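As structure tokens, the structure follows; a few thoughts come after it.
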Number of protein chains: 2
Amino acid sequence: MKRRNTIQKELILNAVKRLHSHATAEEVYAEIQKEYPSIGKATVYRNLKLLSEDGQIKRIEFPCESERFDDTCSDHYHIKCEKCGKIFDVDMDLVSGLTDKIKDKHGFTFNSYQIVFKGICPNCQ
Amino acid sequence: MKRRNTIQKELILNAVKRLHSHATAEEVYAEIQKEYPSIGKATVYRNLKLLSEDGQIKRIEFPCESERFDDTCSDHYHIKCEKCGKIFDVDMDLVSGLTDKIKDKHGFTFNSYQIVFKGICPNCQ
DNA sequence: CTCTTATTGATATAGAATATCAATAAGGAA
DNA sequence: TTCCTTATTGATATTCTATATCAATAAGAG
Ligand SMILES: [Mn+2]
Ligand SMILES: [Mn+2]
Ligand SMILES: [Zn+2]
Ligand SMILES: [Zn+2]
């Protein structure tokens, strides 16, 4: 099935880029409703998924959190402020070598890992 | 509010210990129903939360997954097999020094971090 | 044993994300 | 441009996980 370009898809992509890099689907929906009130919530959820599958945005999964979407697609980590709830980028080199440490011992075929940080952001201190 | 000992609480704790270390609330519920059919689902969810707050079991949060409960309370990592979906313990030393790397640059008060691995387990290869 | 109240369990509720499906519109072909 | 196929939309229903509500029950201190 060939993908088609729609006004909705473009609005959604632009909203993700505008909304501080880590918006939820609901936040994207609310943002777009301002300029395009007729958009459906299902369309937003659907396209956010499609856009992340196509690599145009990055889907961020947090434990016990609703999914978020990042316009920065390169590999990087995130930290959640436990006070204000905001998600920030972590400016840190990628941790390497983690894969080998467990492959040896148990015979896992290792695919990926994810690190999630928690703390208090400078603004909330 | 002083905590009381109940049959249900004990059944739930024992079920967690019996069920391969990483059971979901639904799995614990199904397991207990065999011997104690009258137990309520809310009671299972409630006590799993209480037990983890009291440090008797450990609550494991996976992104986009239902919560799981581990009778091993010491700090360790987990890997999820992307084929069978099972969660395994990762036999690896704790990664240290991650906290300092980000504190310096952005002024975060660092509280915790979580690493989640994904791969294919030996059985599924 | 008695009494206070923590706990139970049936049920309702909340929240996130996907499924359904008739109506619409993107975009290739003529 | 016009026609046609079908991907996409948007209203709505559904699924799934977890928590909230609340009358009835029972733990356990006195
Ligand atoms: Mn980011
Ligand atoms: Mn474990
Ligand atoms: Zn903050
Ligand atoms: Zn497996």
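It should be emphasised that the depicted structure is a prediction, and the values quoted were computed from it without experimental measurement.
Taking atom CD on A:E65 and atom P on D:dT17, their separation rounds to 18 Å, with Å as the unit. Following rounding to the nearest Å, B:E67 (CD) and C:dA16 (P) show an atom-to-atom distance of 16 Å. Between B:L50 atom CG and D:dT19 atom P there is a gap of 10 Å when expressed in whole angstrom units. As rounded to whole Å, 15 Å separates atom P of D:dC16 from atom CD of B:E27. Between B:I60 atom CD1 and D:dA18 atom P the separation is 13 Å, expressed in whole Å. The CZ atom of A:R3 sits 17 Å away from the P atom of D:dT6 (whole-angstrom rounding). Summarising the geometry, the separation between CZ on B:R68 and C1' on D:dA18 is reported as 15 Å, rounded to the nearest angstrom. Separating the CZ atom of B:R46 from the C1' atom of D:dT17 is a distance of 16 Å, rounded to the nearest angstrom.
For the pair B:I87 and B:I79, the minimum side-chain heavy-atom distance is 4.5 Å or more.
Looking only at atom types and distance, the side chain of B:T24 has no donor-acceptor partner in the side chain of B:E67 under 3.5 Å away.
Close to D:dT8, at under 4.0 Å from its OP1 or OP2, lies no side-chain N or O of A:N47. Within the 4.0 Å cut-off from OP1 or OP2 of C:dG9, at least one side-chain nitrogen or oxygen of B:T43 is found. Between B:T6 and C:dT8 there is a side-chain N or O to OP1 or OP2 distance below 4.0 Å. For A:Q8, no side-chain nitrogen or oxygen approaches OP1 or OP2 of D:dT8 to under 4.0 Å.
Remark: A:D71 does not engage A:K58 in a salt bridge, criterion side-chain N to carboxylate O under 4.0 Å. Ion pair A:K41/A:E26 flagged as a salt bridge, since at least one NZ, NE, NH1 or NH2 atom sits closer than 4.0 Å to an Asp/Glu carboxylate oxygen.
No engagement by A:K41 is indicated, since no non-hydrogen atom pair under 4.0 Å with the nucleic acid exists. Residue B:S38 is in sugar-phosphate contact alone, with no base atom involved, counting any heavy-atom pair closer than 4.0 Å across all strands shown. At the heavy-atom level, B:Y36 lies under 4.0 Å from the strands shown only through sugar-phosphate atoms. The residue A:K49 sits close only to the backbone: its heavy atoms come under 4.0 Å of sugar-phosphate atoms, none of a base.
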Pairs under 3.5 Å (N/O, protein and nucleotides 13-15 of chain C):
none

| query | Yes or no on ring pair (Phe, Tyr, Trp, His ring centres under 6.0 Å) for B:H22 and B:H20, after CA distance, side-chain angles and deciding distance? | reply | CA-CA 6 Å; B:H22 306 105; B:H20 310 99; 9.5 Å; no
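Toward the 5' end of DNA chain D, the nearer of the two residues B:K2 and B:R59, judged by each one's closest nucleotide, is B:R59. Nearest-nucleotide assignment on DNA chain C puts the 5′-proximal partner with B:I7, out of B:C64 and B:I7.
Comparing D:dA18, C:dA17, D:dT8 against the side chain of B:Y45 picks out D:dA18 as the nearest. In this structure, of D:dA20, C:dA16, C:dA26, it is C:dA26 that holds the atom nearest to the side chain of A:R4. Of the candidate nucleotides D:dT17, C:dT8, D:dT9, D:dT17 has the atom nearest to the side chain of B:S66. Picking from D:dG28, C:dA19, C:dT7 the nucleotide with the shortest atom distance to the side chain of B:N5 gives D:dG28.
Using cut-offs of 30° and 60° on the angle between ring planes, the pair B:Y77 and B:F117 is perpendicular.
If you run side chain to side chain contact (heavy atoms under 4.5 Å, CB included) between B:L11 and each of B:N14, B:I7, B:L13, only B:I7 comes through.
Checked against the 6.0 Å centroid criterion, the rings of A:F108 and B:F88 qualify as a close aromatic pair.
The closest donor-acceptor contact from the side chain of A:E27 to the backbone of A:R68 lies at 3.5 Å or more, if one exists at all. No donor-acceptor pair closer than 3.5 Å links the side chain of B:K118 to the backbone N or O of A:N111.
Summary for the helix from C:dC1-D:dG30 to C:dA30-D:dT1: the axes at its two ends, each from 5 pairs, differ by 30° when rounded to the nearest 10 degrees.
Within 6.0 Å of CD on A:E10 lie no more than 12 heavy atoms contributed by other residues, nucleotides or ligands.
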